[in-house]
Amino acid sequence: MAETSGVKKSPIRRATIKDVPFILVNINHHCSQPRIVNIALAEYEHEPDKVLCTEEMLEKTIFGSTPYAKVLIAQTEEGIPAGFALYFYNYSTWNGKPGIYLEDLYVQPKYRRNSFGSALLFALAQELVEIDGGRLEWSVLKWNTPSIAFYKNLGAIPMDEWQTMRVDGTQIAELAKLSPGILE
């Protein structure tokens with residue numbers, strides 16, 4: 001289980017629309033803010049050319065009239081953003097409770113090993129408790145052994161018997177054409 005005796009408290013706050021450039025540059029450092037130099041999430045996951053997300057997309061989908069996700073920001077004691085957790089609610093039919101799906105957890109390399117990642121996960125667990133949620137889930141690339149070890153150390157259990165499935169790109173439109181429609 002998680003060892004917390006030596007963990008220092010890292011300030012965590014909810015993201016605002018002003019954080020969008022920070023979030024995007026940490027998803028893909030090839031975006032609009034070249035002055036921030038780091039190895040962004042997309043590059044770390046060996047997919048820098050796959051990122052289609054823009055600041056406008058983040059603003060609309062996270063801070064727009066219908067927010068589809070939320071973001072927590074880990075920051076230094078001086079108020080400098082060090083990392084983020086982008087997540088959304090899901091639902092478990094097994095336990096009849098909402099849950100949280102962590103889409104991305106990223107801490108800038110220079111701030112790693114300073115408890116920012118742990119603090120973000122602790123904050124998500126706190127939010128789950130507040131909403132009487134049932135589980136916190138996320139995916140991690142099988143080759144990312146440092147992250148797997150980190151998550152296991154916090155008490156996470158690998159779900160090896162599950163296979164991730166995905167439909168994207170033009171296949172979404174193809175499936176949608178087969179829909180009989182949704183009754184109101």
Side-chain angles (χ1 to χ4, degrees), residues 14-17 19-34 36 38-74 81 83-95 97-109 117 120-121 124 127-128 131 133-148 150-152 156-184:
R14 296 205 178 277
T16 69
I17 199 164
D19 292 307
V20 165
F22 171 79
I23 297 165
L24 186 58
V25 82
N26 284 287
I27 292 171
N28 186 359
H29 80 276
H30 299 292
C31 73
S32 64
Q33 289 194 355
I36 299 176
N38 67 357
I39 299 173
L41 183 61
E43 188 169 308
Y44 183 77
E45 293 183 359
H46 309 298
E47 295 194 319
D49 298 330
K50 301 277 184 171
V51 178
L52 304 175
C53 190
T54 65
E55 288 184 14
E56 293 76 21
M57 290 172 165
L58 288 174
E59 288 172 3
K60 179 181 178 183
T61 57
I62 297 172
F63 301 102
S65 59
T66 304
Y68 295 100
K70 296 181 178 189
V71 179
L72 296 178
I73 301 288
F84 72 94
L86 190 147
Y87 65 100
F88 53 88
Y89 294 131
N90 59 13
Y91 191 82
S92 169
T93 55
W94 270 195
N95 62 30
K97 292 184 174 195
I100 288 178
Y101 187 85
L102 175 61
E103 179 65 25
D104 287 321
L105 175 71
Y106 187 76
V107 175
Q108 293 182 331
L120 286 162
L121 286 168
L124 290 172
E127 185 164 335
L128 268 171
I131 66 169
R135 62 174 83 147
L136 172 59
E137 296 180 307
W138 62 95
S139 297
V140 60
L141 291 164
K142 290 183 178 186
W143 58 259
N144 191 348
T145 54
S147 292
I148 292 169
F150 168 71
Y151 297 138
K152 284 182 177 179
I157 301 167
M159 304 298 291
D160 295 331
E161 68 277 11
W162 289 88
Q163 174 68 49
T164 301
M165 304 298 289
R166 176 180 294 163
V167 175
D168 63 3
T170 59
Q171 189 60 32
I172 295 170
E174 293 301 315
L175 285 177
K177 288 177 190 175
L178 301 174
S179 172
I182 300 171
L183 297 176
E184 295 297 324

* To do: Begin from the C-alpha positions of L121 and F150 and carry the test side chain to side chain contact (heavy atoms under 4.5 Å, CB included) through to its verdict.
  => CA-CA 11 Å; L121 286 168; F150 168 71; 3.8 Å; yes
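- Judged as a side chain to side chain donor-acceptor pair (under 3.5 Å), and not counting sequence neighbours, the contacts of N95 are S92.
- The shortest heavy-atom contact between A15 and I23 is CB-CD1, 4.3 Å.
- Within 6.0 Å of the CG atom in L175, the count of heavy atoms belonging to other residues, nucleotides or ligands exceeds 12.
- Annotation: side chain to side chain contact (heavy atoms under 4.5 Å, CB included) contacts of K60 (sequence neighbours excluded): none.
- Screening L120, L105, L102 against L72 for a side chain to side chain contact (heavy atoms under 4.5 Å, CB included) leaves a single residue, L120.
- Residues forming a side chain to side chain donor-acceptor pair (under 3.5 Å) with E56 (at least two apart in sequence, or on another chain): T54.
- In this structure, P67 has no side chain to side chain contact (heavy atoms under 4.5 Å, CB included) partners at least two apart in sequence or on a different chain.
- Applying the ring-ring contact (aromatic ring centres under 6.0 Å, His included) criterion to Y91, with sequence neighbours excluded, gives no partner residue.
- In this structure, the side chain to side chain contact (heavy atoms under 4.5 Å, CB included) partners of E127, at least two apart in sequence or on a different chain, are R14, K70, Y87, Y89, I100.
- Side-chain contact check for L86 versus I62: some heavy-atom pair is nearer than 4.5 Å.
- Across every non-hydrogen atom of G83 and F22, the tightest pair is N-CZ, 3.7 Å.
- Closest heavy-atom contact between L124 and A85: CD1-CB, 4.2 Å.
- The side-chain heavy atoms of V71 and D19, taken from C-beta on, include no pair separated by under 4.5 Å.
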* Might you work through the side chain to side chain contact (heavy atoms under 4.5 Å, CB included) test for W94 and R135, ending with a clear yes or no? => CA-CA 11 Å; W94 270 195; R135 62 174 83 147; 4.0 Å; yes
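- Applying the side chain to side chain donor-acceptor pair (under 3.5 Å) rule to T61 yields no partners; only residues at least two apart in sequence or on another chain are considered.
- Screening residues 162-179 for salt bridge (Lys or Arg N to Asp or Glu O under 4.0 Å) gives E174-K177 as the qualifying pairs, with residues at least two apart or on separate chains.
- Residues I148 and K142 share a closest heavy-atom pair of CD1-O, 3.6 Å.
- The ring-ring contact (aromatic ring centres under 6.0 Å, His included) check on Y151 picks up W138, with sequence neighbours excluded.
- Among all heavy-atom pairs drawn from S139 and T164, the shortest one is OG-OG1, 4.4 Å.
- Partners of M165 by side chain to side chain contact (heavy atoms under 4.5 Å, CB included), not counting sequence neighbours, listed by chain and number: Q163.
- A heavy-atom distance below 4.5 Å is found between the side chains of K152 and P158.
- Between V20 and F63 the shortest side-chain heavy-atom distance falls below 4.5 Å.
- P21 approaches I17 most closely through the heavy-atom pair CD-O, 4.3 Å.
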